[in-house]
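Throughout, residue positions are numbered sequentially from 1 according to the sequence presented.
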Amino acid sequence: QVQLVESGGGLVQAGGSLRLSCAASGRTFSTYAMAWFRQAPGKEREFVAAFSWSTSNTYYADSVKGRFTISRDNAKNTAYLQINSLKPEDTAVYYCAAALGPMYGMWWYAAGKYDYWGQGTQVTVSS
């Protein structure tokens, strides 16, 4: 089992920044990839960003490229999501996810390909 705990969400004004953290524990050595998804009220959960623990590859949704940066601290088994230039449409619950992997092509962007999920952290952007 892998446990994921997100933190760092909050209320921020448009144009501001946040850094979300996702601390992984348990059988973390068995995970292949980590990702961030988000879900706004009344909408489906959508992919935000992801990486593989074993490579330098990162993946981003087109809607967040240039504003969001995913990173990791391998020693701490922690993933981060730096969010800059926040917009009201970024308001959502942000979820961390882990995949046992491996991941191929479009799998990176599919919530169903991830095996473990955190409880989510709320990000609210005021205009």
*Do L100 and L4 belong to the same hydrophobic cluster, where Ile, Leu, Val, Met, Phe, Trp and Tyr are linked whenever their side-chain heavy atoms lie under 4.5 Å apart, directly or via other members?*
yes
*For A49, what residues pass the side-chain contact (heavy atoms from CB on, under 4.5 Å) criterion, not counting sequence neighbours?*
Y60, I70, L81
*Enter the distance from R38:CZ to E89:CD here, rounded to the nearest 0.5 Å.*
8.0 Å
*Just do the side chain to side chain contact (heavy atoms under 4.5 Å, CB included) check on T91 and V123 with the steps written out, would you?*
CA-CA 5 Å; T91 294; V123 172; 5.9 Å; no
*With a 4.5 Å limit on heavy-atom distance, are the side chains of T121 and V93 in contact?*
no
*Under the side chain to side chain contact (heavy atoms under 4.5 Å, CB included) criterion, do S52 and Y32 qualify, and how do the steps go?*
CA-CA 6 Å; S52 164; Y32 179 87; 4.0 Å; yes
*Among the clusters formed by ILVMFWY side chains lying less than 4.5 Å apart, do Y59 and W117 turn up in the same one?*
yes
*Before accepting this row, confirm whether a basic side-chain N of the pair D90/K87 lies closer than 4.0 Å to the acidic partner's carboxylate O.*
no
*Look at the aromatic rings of Y94 and F68 and report parallel, tilted or perpendicular, splitting at 30° and 60°.*
tilted
*Establish whether Y95 and W108 are linked, either directly or via other cluster members, by ILVMFWY side-chain heavy-atom contacts under 4.5 Å.*
yes
*Distance from I83 atom CD1 to S17 atom OG, nearest 0.5 Å?*
9.0 Å
_Whether E6 side chain and Q119 backbone form a donor-acceptor pair below 3.5 Å_ = yes
_Worked check of side chain to side chain contact (heavy atoms under 4.5 Å, CB included) between M103 and K113_ = CA-CA 8 Å; M103 304 288 274; K113 292 299 184 181; 3.9 Å; yes
*Treat each ILVMFWY residue as a node, draw an edge where side-chain heavy atoms are under 4.5 Å apart, and state whether V125 and F37 are in one component.*
no
_Is the positively charged end of R72 above the ring of F51, judged by distance under 6.0 angstrom from the centroid and angle within 45° of the axis?_
yes
*Name all residues meeting the salt bridge (charged side-chain N to carboxylate O under 4.0 Å, His left out) criterion together with R45; count only those two or more places apart in sequence or in a different chain, and write none if there are none.*
none
*Backbone N/O of Q82 and side chain of R19: donor-acceptor pair under 3.5 Å*: no
_So that I know where these two stand, are W107 and Y109 an aromatic pair - ring centroids less than 6.0 Å apart?_
no
*asked:* Once rounded to the nearest 0.5 Å, what's the spacing between atom OG1 of T69 and atom CG of N84?
replied: 6.5 Å
_With a 4.5 Å cut-off on side-chain heavy-atom distances among I, L, V, M, F, W and Y, is there a chain of contacts connecting M34 to V64?_
yes
*Could you tell me the separation between the CG atom of D115 and the OG1 atom of T31, rounded to the nearest 0.5 Å?*
9.5 Å
*Would you sort out whether Q1 and Y116 count as a side chain to side chain contact (heavy atoms under 4.5 Å, CB included), showing the intermediate values?*
CA-CA 8 Å; Q1 290 291 324; Y116 299 100; 3.5 Å; yes
_Measuring centre to centre across the rings, with the benzene-like ring taken for any Trp, is F47 within less than 6.0 Å of W36?_
no
_Among residues at least two apart in sequence or on other chains, which ones pass salt bridge (charged side-chain N to carboxylate O under 4.0 Å, His left out) with K43?_
none
*With a 4.5 Å heavy-atom cut-off, do Q13 and P88 have their side chains touching?*
no
